[in-house]
Amino acid sequence: MLRDLRKNKVPVIDVSLIKWNILPNVQVAAYAFNHQVPGPRIQVTEGDRVRIVVKNNLPEPTTVHWHGMIVPNNMDGPADVTQKPIPPGASYIYEFPVKQAGTYFYHSHKDVDRQQTLGMYGALIIDPKNKPKTPAYDQDFVVQLQEWTVKQGYTFPAMPMEGLMPNFFTINGKAYPSTETINAKIGQKKVNFRYPCFTNFLK
């Protein structure tokens, strides 16, 4: 998790092609932030000003879009619309004030139906500036869903079309039975689930 993204601590988010195990015996070729799928959870507070360096180690150009966020136009991420794509080996600095609170996510905005569906996404959680004294829930979970198409050792972007329909489904980067177990107790006040994602099948 990346918690402190303020200007005096500038994290680097590396984007690269990795091999990722969705099951112990099933490995996919993934486009990943910081060598993991999903990418690291970014958690900041409303009112912060964040500055993030994105380094592109992919074999192709990419960008990052901060989905649902109110940001300056040149920080928004759509390739060839608000910024030039980040070429392989180059970096781009995203910097913007955080003007809202809630559950959001970040993802590729270059060839989205391919790069994002190969793993380029992560949660962006923004805590309210004025937090209540008593939490509204006992546990807080982020759930990110994705489909994968794996055939004869090759990974393809899962799409709703013949030949690319998914044959694996993951929750937070893992397929059942490798998915994380969520434990709750009788009498707990509330368990909060966040679903910051969309895919070619889930909108």
Side-chain angles (χ1 to χ4, degrees), residues 13-23 26-42 52 54-71 73-92 94 96 102-125 142-176 178-179 194-203:
I13 295 181
D14 172 88
V15 190
S16 58
L17 174 62
I18 67 167
K19 293 181 178 179
W20 178 259
N21 279 87
I22 58 175
L23 288 170
V26 178
Q27 197 171 69
V28 298
Y31 279 18
F33 291 111
N34 285 12
H35 309 283
Q36 65 183 72
V37 179
R41 186 189 313 174
I42 296 174
I52 303 169
V54 175
K55 181 171 178 55
N56 181 17
N57 285 315
L58 292 174
E60 60 184 276
T62 192
T63 64
V64 177
H65 172 61
W66 314 94
H67 200 93
M69 295 292 294
I70 301 170
V71 299
N73 203 43
N74 63 337
M75 297 289 111
D76 197 38
D80 297 312
V81 178
T82 63
Q83 74 168 92
K84 293 181 179 179
I86 309 167
S91 299
Y92 189 87
Y94 292 93
F96 51 86
T103 303
Y104 304 91
F105 72 108
Y106 62 99
H107 61 89
S108 166
H109 217 299
K110 175 77 169 69
D111 301 323
V112 183
D113 59 348
R114 188 170 57 80
Q115 291 191 2
Q116 181 179 327
T117 55
L118 288 176
M120 279 186 68
Y121 61 91
L124 174 56
I125 309 301
V142 174
V143 178
Q144 294 189 274
L145 312 176
Q146 187 179 356
E147 309 88 9
W148 299 86
T149 301
V150 182
K151 294 183 177 182
Q152 299 177 340
Y154 292 95
T155 308
F156 301 90
M159 297 184 183
M161 59 188 296
E162 189 63 34
L164 290 177
M165 295 295 287
N167 53 1
F168 287 95
F169 177 84
T170 57
I171 301 174
N172 292 343
K174 299 295 180 180
Y176 182 82
S178 293
T179 46
R194 304 173 188 259
Y195 294 91
C197 62
F198 75 86
T199 71
N200 284 336
F201 292 82
L202 301 169
K203 304 296 183 182

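Residue numbers count from 1 along this sequence.
Pro61 and Pro88 make their closest contact through N-CD, 4.0 Å (heavy atoms, listed as atom of the first residue, atom of the second, distance). Counting all heavy atoms, side chain and backbone alike, Met69 lies closest to Leu124 at CG-CD2, 3.8 Å. The two residues Ala158 and Thr117 come nearest to each other via the heavy atoms O-CG2, 4.3 Å.
The distance from atom CD1 of Ile86 to atom OG of Ser91, rounded to the nearest 0.5 Å, is 7.5 Å. Here NZ of Lys110 is found 6.5 Å from CG of Asp80. Values are rounded to the nearest 0.5 Å. Here Met75 contributes atom CE and Thr63 contributes atom OG1; the two are 11.5 Å apart, rounded to the nearest 0.5 Å.
For the salt bridge (charged side-chain N to carboxylate O under 4.0 Å, His left out) test, residues two or more places apart in sequence or in another chain that qualify with Asp111 are Arg114. Partners of Tyr104 under the side chain to side chain donor-acceptor pair (under 3.5 Å) rule, at least two apart in sequence or in another chain, are Gln100.
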Item to complete: Please lay out, stage by stage, how Val15 and Val54 fare under the test side chain to side chain contact (heavy atoms under 4.5 Å, CB included).
Response: CA-CA 7 Å; Val15 190; Val54 175; 3.8 Å; yes

Item to complete: Show your reasoning for whether side-chain hydrogen bond (donor to acceptor under 3.5 Å, both in side chains) applies to Asn74 and Gln83.
Response: CA-CA 6 Å; Asn74 63 337; Gln83 74 168 92; over 6 Å; no

Practice prompt. Show your reasoning for whether side chain to side chain contact (heavy atoms under 4.5 Å, CB included) applies to Ser108 and His65.
Written response: CA-CA 6 Å; Ser108 166; His65 172 61; over 6 Å; no

Discussion item. Quick one, Val64 with Phe33, criterion side chain to side chain contact (heavy atoms under 4.5 Å, CB included). Give me CA distance, side-chain angles, the key distance, then yes/no.
Written reply: CA-CA 10 Å; Val64 177; Phe33 291 111; 3.8 Å; yes

Worksheet item: Step by step, would you call Ile42 with Ile125 a side chain to side chain contact (heavy atoms under 4.5 Å, CB included)?
Response: CA-CA 6 Å; Ile42 296 174; Ile125 309 301; over 6 Å; no

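For the pair Val142 and Arg41, the minimum side-chain heavy-atom distance is below 4.5 Å. Residues Pro157 and Asp113 have side chains not in contact (no heavy-atom distance under 4.5 Å, counting atoms from C-beta outward). Proximity of Ile171 to Phe169: side-chain heavy atoms (C-beta onward) are separated by under 4.5 Å at one or more points. Side-chain atoms of Ile13 and Lys55, non-hydrogen and from C-beta on, never get closer than 4.5 Å to each other. Side-chain contact between Leu118 and Phe156 is absent, with no heavy atoms from C-beta onward closer than 4.5 Å. Inter-residue side-chain proximity for Asp76 and Pro78 is flagged as met; some heavy-atom pair is nearer than 4.5 Å. For the pair Gln36 and Trp20, the minimum side-chain heavy-atom distance is below 4.5 Å.
Of the possible polar contacts, none joining the Thr179 side chain to the Ala175 backbone as a donor-acceptor pair under 3.5 Å is found. Lys151 places a side-chain N or O within 3.5 Å of a backbone atom of Gly163 that can act as its donor or acceptor partner. The backbone N or O of Pro38 sits nowhere less than 3.5 Å from a side-chain atom of Gln144 that would complete a donor-acceptor pair. In terms of modelled atom types and a separation under 3.5 Å, the side chain of Asn56 and the main chain of Glu60 share a donor-acceptor contact. Put simply, the side chain of Tyr106 never gets that close to the backbone of Tyr121: no donor and acceptor are under 3.5 Å apart.
There is a side-chain donor-acceptor pair under 3.5 Å between Gln115 and Thr62. Asp14 and Asn57 form a side-chain donor-acceptor contact under 3.5 Å, judged by distance and modelled atom types alone. In the model, Tyr31 has no side-chain atom that pairs as donor or acceptor with a side-chain atom of Gln116 under 3.5 Å.
Residue pairs meeting the side chain to side chain donor-acceptor pair (under 3.5 Å) criterion with at least one member in residues 153-174, sequence neighbours excluded: Trp148-Thr170.
The distance between the ring centers of Phe96 and Tyr94 does not fall below 6.0 angstrom.
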